[in-house]
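Being a predicted model, the structure only gives us computed values, none of them experimental. In listed order, ligands and their atoms are each counted from 1. We're numbering straight along the sequence, starting at 1.
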Amino acid sequence: MATVLAIETSCDETAVSIVKNREVLSDIVATQIDIHRIYGGVVPEVASRQHLEGVNIAIDQALSQSGLQWSSIDAIAATCAPGLVGALLVGLMAAKTLALVHRKPFLGVHHLEGHIYASYLSDPTLEPPFLCLLVSGGHTSLIAVRECGHYDILGQTRDDAAGEAFDKVARLLKLGYPGGPEIDRLSNVGNPKAFPLPEGRISLPEGGFHPYDASFSGLKTAVLRLTQTLEATGEPLPVADIASSFQFTVAKALTKRAIKCALNEGLKTIAIGGGVAANSGLRSQLQAAASPHGIRVVFPPLKYCTDNAAMIACAAAEHFDLGHRSDLGLGARSRMPVSQVMDLYHSEISRSKLEPNPCPTTTLS
Ligand code: KG4
Ligand code: ZN
């Protein structure tokens, strides 16, 4: 299998990694969280500038940590969608430049496919088909992984992503940023049954509810109303109990849908990915619900749940081995369904593996 250097700059981590055979040879993540914390969320322009300052350093560190020379790298990859366009462009341009200078093939990678591939890093024997519960700051999806590059979105959120709900509720409870880890930490000391909260379901026109789609905006509003009611009593706010009840409800909603989907689709493995996959409540509820059905759950290590470049390199290596290559004219896109991943590639069967892609007439689209 190929050795790939990948760059990930879709949001607020400047990350570079080298992966070979689903084995991580180097993994550099320079997080910008401390900078964005001042603003309570990611400021896109600030993120782009930070990526510009950090990307070359991260590339050098990744190469030296791997102990490899450029000659041992088969291809260069970068996340190209979805994400903050200005931030994506920094990693994308750096990867294209490296590909040209070192005469290596270039591959653009879909960020969510990267999150799916994080599970291969924890279990290199994992093979499709399986179900991926992808829960990040921007996405909440149930994805049937058919084979590399072929994904069916079976369920998604109709409003807030799970991570977004964690961050908004944390802000409401005056906790730090990002909110997920703070709520997770507090949940361990709070009572998850203290406040029953609505799970949020999607009604179907023909009656009944959508089996897999989720909604978190109603839950967020319920936490807001609960907080206002409790604050009106003048008593100290039971922050840990609210956080724990919220986390319990999100984990229950996600677990129920994932198990139902896996059973209906006949999928015996659920892989979990994205920042919220680090959540202890979700991990334990999912494991407890899956075991009685004989469903295996693959949990990536915490460091590969949140954004990193190892998962991007892992996905790119698989595409590379299948002969997939991207054009250097490939642009950055803020939105793109994971079901369209194959639009990023053309087949390189006829060209030499080490031949660079033709230079584009336009550099950005
Ligand atoms: O995948 P990720 O690093 O970035 C995106 O692609 O969005 O996910 C970041 C999200 C944030 O919303 C953060 O609050 C959430 O993941 N998160 C968590 C935990 N750790 C990170 N949410 C719940 N529990 C956690 N332990
Ligand atoms: Zn992500």
Original post:
Which residue and non-hydrogen atom of the protein lie closest to atom 3 (O) of ligand 1, and at what distance in Å?
Top reply: D307 N, 3.1 Å

Original post:
Considering distance alone, does some N or O of S280 sit under 3.5 Å from an N or O of ligand 1?
Top reply: no

**OP:** Find all atoms of ligand 1 within a distance of less than 4.0 Å from any non-hydrogen atom belonging to T306, and give their numbers and elements.
**Re:** 3 (O)

**OP:** Among all protein heavy atoms, pick out the one at the shortest distance from atom 13 (C) of ligand 1; state its residue, atom name and that distance to 0.1 Å.
**Re:** D167 OD1, 3.8 Å

Original post:
Under a 4.5 Å side-chain heavy-atom rule over Ile, Leu, Val, Met, Phe, Trp and Tyr, are L302 and V250 clustered together?
Top reply: no

Original post:
Does G163, backbone or side chain, put an N or O under 3.5 Å from an N or O of ligand 1?
Top reply: yes

Subject >> Flag side-chain contact, heavy atom, 4.5 Å: W70 against I76 >> reply: yes

**OP:** Decide yes or no for F106 and L330: does some side-chain heavy atom of the first lie under 4.5 Å from some side-chain heavy atom of the second?
**Re:** yes

Subject >> Residues T31, E13; criterion side chain to side chain donor-acceptor pair (under 3.5 Å); working and verdict >> reply: CA-CA 4 Å; T31 183; E13 327 279 1; 2.7 Å; yes

Subject >> H111 near ligand 1 by a heavy-atom separation under 4.0 Å >> reply: yes

Subject >> Protein heavy-atom partner closest to atom 24 (N) of ligand 1 - residue, atom, separation in Å >> reply: N279 ND2, 2.9 Å

**OP:** Give the residue and atom name of whichever protein heavy atom lies nearest to atom 22 (N) of ligand 1, and the separation in Å to one decimal.
**Re:** G180 CA, 3.3 Å

Original post:
In terms of atom number and element, which parts of ligand 1 are under 4.0 angstrom from non-hydrogen atoms of H115?
Top reply: 1 (O), 6 (O)

Original post:
Does V276 approach ligand 1 within less than 4.0 angstrom via side chain, backbone, both or neither, non-hydrogen atoms only?
Top reply: both

**OP:** Name the closest protein heavy atom to atom 17 (N) of ligand 1, giving the residue it belongs to and the distance to 0.1 Å.
**Re:** G275 O, 3.5 Å

Original post:
Any N or O on P178 sitting closer than 3.5 Å to an N or O of ligand 1?
Top reply: no

**OP:** Find, among atoms of D307 that are N, O or S, the one nearest to the Zn ion (ligand 2), and state its name.
**Re:** OD1

Subject >> Side chains of D160 and S217, donor plus acceptor under 3.5 Å >> reply: no

**OP:** Check whether any side-chain heavy atom of V109 sits under 4.5 Å from a side-chain heavy atom of Y345, and report yes or no.
**Re:** yes

Subject >> Cluster check L154, M336: I/L/V/M/F/W/Y, side chain < 4.5 angstrom >> reply: no

Subject >> atom 26 (N) of ligand 1 [closest protein heavy-atom partner, distance rounded to 0.1 Å] >> reply: D184 OD2, 2.9 Å

Original post:
In terms of residue, atom name and distance, what is the protein heavy atom nearest to atom 9 (C) of ligand 1?
Top reply: G137 N, 3.8 Å

**OP:** Assess C11: does it contribute an N, O or S atom lying under 2.8 Å from the Zn ion (ligand 2)?
**Re:** no

Original post:
Can you tell me if S291 uses its side chain to pair, donor with acceptor, with the backbone of A288 under 3.5 Å?
Top reply: no

Original post:
Side-chain donor-acceptor pair under 3.5 Å between H319 and E113, yes or no?
Top reply: yes

Original post:
Once the angle between the rings of F166 and F246 is folded into 0 to 90°, is it parallel (under 30°), tilted (30 to 60°) or perpendicular (over 60°)?
Top reply: perpendicular

Original post:
Looking at H111, which of its N, O or S atoms is the nearest one to the Zn ion (ligand 2)?
Top reply: NE2

**OP:** Look at the N, O or S atoms of H115, main chain and side chain alike, and state whether any lies under 2.8 Å from the Zn ion (ligand 2).
**Re:** yes

Original post:
Are L88 and V338 joined in one hydrophobic group, where the rule is that I, L, V, M, F, W and Y side chains link up if heavy atoms are under 4.5 Å apart?
Top reply: no

Original post:
Would P181 count as a contact of ligand 1 if the rule is a heavy atom under 4.0 Å away?
Top reply: yes

Original post:
Going by the angle between their ring planes, with limits at 30° and 60°, are H115 and H111 parallel, tilted or perpendicular?
Top reply: perpendicular

Subject >> Atom indices of ligand 1 within 4.0 angstrom of G138 heavy atoms, with elements >> reply: 7 (O)

Original post:
Does an N or O anywhere in G274 fall below 3.5 Å from an N or O of ligand 1?
Top reply: no

Original post:
When you measure from the side chain of Q32 to the backbone N and O of T14, does any donor-acceptor pair fall under 3.5 Å?
Top reply: no

